[in-house]
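Order of appearance sets the numbers: ligands from 1, and atoms from 1 within every ligand.
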Amino acid sequence: MEFSKIFNWRKVFGLIALIVLFVALAWGSQHSNPNFSHQWETLAEPGKLSQAHATLENNCSACHTTVKGVEANKCILCHANNQSVLQRQPTSFHANIQTCKECHLEHRGRAQRPTEMNHIALANIGLKQMADAIDSSDEERAKVIQLKHWLSQTDSSSDLRTNIPPREFILNCMTCHRNKDLHFGYFGKGCGDCHTTKTWSIPEYRHPSARSMDCSQCHQAPPSHYMKHFKMISQKVAGKPKARVTQCFLCHQTTSWIDILETGLYKHH
Ligand code: HEC
Ligand code: HEC
Ligand code: HEC
Ligand code: HEC
Ligand code: HEC
Ligand code: HEC
Ligand code: HEC
């Protein structure tokens with residue numbers, strides 16, 4: 001997977017154009033994170049390893065080296081061929097990654113799995129990789145510089161009117177979550193306009209009333225509704241022989257799609 005694909009160029013550059021109109025560009029110096037060297041050896045009790053790595057409890061150097069701390073190469077040595085990770089859309093970025101500890105935390109005890117997805121870390125990894133890539137074009141590198149500049153201006157401000165921090169906002173959610181789009185594309189590609197990266201549910205959301213007649217503006221009927229099945233089964237079950245497919249509200253309720261109006265739960269045989 002190419003890392004450039006995880007970024008939302010169009011969207012962010014649209015915004016940059018807007019921001020540039022109002023803000024005089026002052027190219028600040030890049031902030032670089034100070035590199036602390038971990039003195040992991042001298043720390044007595046880092047905490048127990050996860051269940052999956054329990055057999056490495058006495059083999060610290062399976063993951064650590066004296067100077068560099070946790071080294072991705074050591075993880076990769078054991079995990080390079082994990083096909084299920086590489087082939088699953090959201091995690092296929094693993095094919096292209098040289099750092100692990102941002103999302104794979106350890107020493108939290110046996111009961112905790114060693115994974116916490118971190119979208120901000122993901123964005124940082126992507127930006128760094130693109131800036132470092134020797135074969136990336138000047139144009140691509142210029143984009144990265146602009147993105148970083150935009151971030152340095154926006155990170156600390158609250159001008160961005162979304163629920164997610166700017167560093168997540170630059171991600172192109174579709175690259176990894178297209179398969180999760182319950183909205184059949186009706187709500188666009190900017191999942192981050194409405195969702196956060198913690199959970200897809202939005203507790204404050206109130207569904208339109210069951211008396212709404214706009215169901216088909218937000219919902220796609222299943223393929224069977226466009227086949228003979230609709231006449232033979234759906235219309236009969238619902239007792240609405242004249243209802244057209246787009247008139248979901250004549251047959252459906254908002255509780256569940258198999259909760260048919262005036263008929264009750266439909267059970268497959
Ligand atoms: C399965 C791989 C693995 C093994 C084996 C392992 N560690 Fe770690 N360790 C990690 C990871 C990953 C981190 C950093 C991420 C985090 O903060 O959880 C870490 C962090 C640490 C830290 C905190 C400082 C730092 O480098 O971030 C110490 C101290 C540490 N380990 C000591 C040990 C000791 C001592 C052993 C052997 C008893 C050991 N580790 C075995 C994976 C491992
Ligand atoms: C000596 C080989 C070895 C090393 C080194 C190693 N692992 Fe593992 N890891 C395993 C084994 C074995 C399992 C359990 C079976 C499996 O899931 O493949 C495992 C499981 C995992 C899991 C799944 C855990 C779960 O409960 O879902 C993750 C994630 C993982 N390792 C990441 C890492 C990372 C990150 C590092 C480096 C910090 C690392 N591993 C170092 C052998 C290793
Ligand atoms: C940006 C965050 C991120 C980074 C960086 C990352 N991973 Fe992962 N990784 C994940 C997530 C999220 C999953 C999915 C875990 C799940 O399904 O519970 C995963 C899954 C895995 C699994 C499969 C776990 C299982 O349950 O079978 C392994 C092995 C793994 N990663 C190893 C690595 C190694 C090795 C590196 C470094 C080369 C790495 N990861 C870097 C987020 C990350
Ligand atoms: C490069 C891939 C990638 C990108 C880009 C990405 N994510 Fe994720 N996201 C993941 C992975 C991996 C997980 C962990 C769960 C899993 O393995 O399916 C995850 C988890 C989530 C979750 C937690 C619920 C769940 O499915 O487990 C939400 C919500 C989410 N992402 C939203 C977003 C949004 C919104 C964006 C865009 C702003 C985004 N993600 C961008 C890879 C990505
Ligand atoms: C215009 C706003 C909007 C956009 C854009 C949007 N969604 Fe949603 N999405 C919602 C609302 C509202 C809900 C209902 C939330 C609830 O009931 O908790 C929802 C629910 C979901 C759910 C089910 C959550 C649950 O707990 O059952 C998933 C999964 C989901 N959206 C994925 C996506 C993905 C992937 C994208 C991007 C392709 C996306 N959404 C874009 C508004 C949006
Ligand atoms: C303004 C957009 C909108 C309208 C109009 C709308 N819905 Fe929804 N509906 C959603 C969203 C968002 C979700 C949550 C994501 C999903 O499941 O698709 C949802 C979920 C549902 C669910 C799934 C509940 C579940 O948990 O399985 C049903 C059933 C449903 N709607 C029926 C209807 C019916 C019937 C109508 C018309 C009376 C309707 N909706 C009108 C946006 C809408
Ligand atoms: C004539 C009545 C009727 C209309 C109009 C109708 N449906 Fe249905 N629909 C049904 C019936 C009955 C079932 C369950 C039996 C079946 O599969 O036909 C069903 C099943 C479904 C299911 C599948 C539930 C499952 O889990 O298998 C979905 C989703 C659905 N309808 C969505 C819609 C949407 C969205 C619309 C409007 C765009 C719509 N329907 C219009 C009667 C109707």
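The nearest protein atom to atom 23 (C) of ligand 5, hydrogens excluded, is given as Leu182 CD1, 3.4 Å; this is a heavy-atom distance. The single protein non-hydrogen atom nearest to atom 13 (C) of ligand 2 is Ala52 O, 3.8 Å, given as residue, atom name and distance. Closest protein heavy atom to atom 1 (C) of ligand 2: Cys78 SG, 2.8 Å. Nearest protein heavy-atom neighbour of atom 25 (C) of ligand 2: Arg113 NE, 3.6 Å. Counting protein heavy atoms only, atom 28 (C) of ligand 5 is closest to Trp200 CB, 3.7 Å. The protein non-hydrogen atom at the shortest distance from atom 18 (O) of ligand 5 is Ile202 N, 2.8 Å. Here the protein heavy atom with the shortest distance to atom 36 (C) of ligand 2 is Cys75 SG, 2.9 Å. In terms of protein heavy-atom proximity, atom 26 (O) of ligand 5 is closest to Ser201 CB, 3.2 Å. Remark: minimum distance from atom 34 (C) of ligand 5 to any protein heavy atom is reached at Cys191 SG, 3.5 Å.
Contacts between Met174 and ligand 5, counted as non-hydrogen atom pairs separated by less than 4.0 Å, involve the side chain only. Heavy atoms from both the backbone and the side chain of Cys60 come within less than 4.0 Å of ligand 1. Counting heavy atoms under 4.0 Å from ligand 5, residue Phe187 touches it through both backbone and side chain. Only the side chain of His104 comes within 4.0 Å of ligand 2, counting heavy atoms alone; its backbone N, CA, C and O stay farther away. If you look at Pro114 next to ligand 2, the close heavy atoms, those under 4.0 Å, all belong to the side chain.
Judged purely by atom type and a 3.5 angstrom limit, Thr175 uses its side chain to pair as donor or acceptor with the backbone of Asn172. Side chain of Arg108 to backbone of Arg113: a donor-acceptor contact under 3.5 angstrom is found. Using modelled atom types, no side-chain atom of His94 and backbone atom of Leu86 make a donor-acceptor pair closer than 3.5 Å. Listed for the Thr91 side chain is a donor-acceptor partner under 3.5 Å among the backbone atoms of Val85. Looking at Glu71, its side chain never comes within 3.5 Å of a backbone N or O of Thr65 through a donor-acceptor pair. A donor-acceptor pair under 3.5 Å is absent between the side-chain atoms of Glu102 and the main chain of Ile125, judged by distance alone. Judged by distance alone, the side chain of Gln235 and the main-chain N or O of Ala243 form a donor-acceptor pair under 3.5 Å.
Atoms of ligand 5 lying under 4.0 Å from at least one heavy atom of Gly190, given by number and element, are 5 (C). Those atoms of ligand 1 that come under 4.0 Å of a heavy atom in Leu105, given as number and element, are 18 (O). Set against the non-hydrogen atoms of Ala62, the atoms of ligand 2 under 4.0 Å away are 5 (C). Taking every heavy atom of Lys74 and a limit of under 4.0 angstrom, the matching atoms of ligand 2 come to 5 (C). Numbered from 1 in the order shown, with element, the atoms of ligand 1 that lie under 4.0 Å from a heavy atom of Asn59 read 5 (C). Atoms of ligand 2 found under 4.0 Å from any heavy atom of Cys100, numbered from 1 in the order shown, are 35 (C). Within ligand 5, counting atoms from 1 as listed, the ones closer than 4.0 Å to a heavy atom of Tyr205 are 12 (C), 14 (C).
By heavy-atom distance, the residue among Val70, Asn58, Thr55 lying nearest atom 11 (C) of ligand 1 is Val70. Considering only non-hydrogen atoms, atom 30 (C) of ligand 5 lies nearest to His195 out of His177, Arg206, His195. Here atom 7 (N) of ligand 1 lies nearest to His64 when heavy atoms of His64, Glu106, Arg108 are compared.
For residue Cys194, no N/O/S atom approaches atom 8 (Fe) of ligand 5 to within less than 2.8 Å. Residue side and main chain included, Cys63 places no N/O/S atom under 2.8 Å of atom 8 (Fe) of ligand 1. At least one N/O/S atom of His79, from backbone or side chain, sits under 2.8 Å from atom 8 (Fe) of ligand 2.
Listed here is the closest heavy atom pair of Ile76 and Ile97: CD1-O, 4.1 Å. Shortest non-hydrogen contact noted between Tyr266 and Ile233 is OH-CG2, 3.8 Å.
For atom 40 (N) of ligand 5, a protein heavy-atom neighbour is found at a distance under 4.0 Å. Proximity of atom 15 (C) of ligand 2 to the protein is not indicated, since no non-hydrogen protein atom lies closer than 4.0 angstrom.
His53 contributes NE2 as its N, O or S atom closest to atom 8 (Fe) of ligand 2.
The structure places CZ of Arg167 at 10.0 Å from CG of Leu147, a figure rounded to the nearest 0.5 Å. Distance check: Lys189 NZ to His183 NE2 gives 15.0 Å after rounding to the nearest 0.5 Å.
Here the options are Glu106, His104, Gln112, the test is side-chain hydrogen bond (donor to acceptor under 3.5 Å, both in side chains), and the partner is Ser50; only Glu106 passes.
Using 4.0 Å as the threshold, Thr115 has a heavy atom nearer than that to some atom of ligand 2. Contact between Ser50 and ligand 2 is absent, with no heavy atom of the residue lying under 4.0 Å from the ligand.
Remark: ligand 1 and Glu57 share no N or O pair separated by less than 3.5 Å (distance only, no angle test). Residue Asp193 places no N or O, backbone or side chain, under 3.5 Å from any N or O of ligand 5.
Looking at heavy atoms from C-beta onward, Ile260 lies out of side-chain contact with Gln253 at the 4.5 angstrom threshold. Residues Gln98 and Gln129 are in side-chain contact: their nearest non-hydrogen atoms beyond the backbone lie under 4.5 Å apart. Inter-residue side-chain proximity for Ile6 and Phe93 is flagged as unmet; no heavy-atom pair is nearer than 4.5 Å. With a 4.5 Å cut-off on side-chain heavy atoms, His252 and Leu261 do not count as touching.
A chain of hydrophobic side-chain contacts below 4.5 Å, direct or via other Ile, Leu, Val, Met, Phe, Trp or Tyr residues, connects Phe7 to Met117. Phe230 and Tyr226 end up in the same hydrophobic cluster when Ile, Leu, Val, Met, Phe, Trp and Tyr side chains are linked at under 4.5 Å.
Between His207 and His219, the ring planes are parallel. Angles under 30° get that label, and only those over 60° would be called perpendicular.
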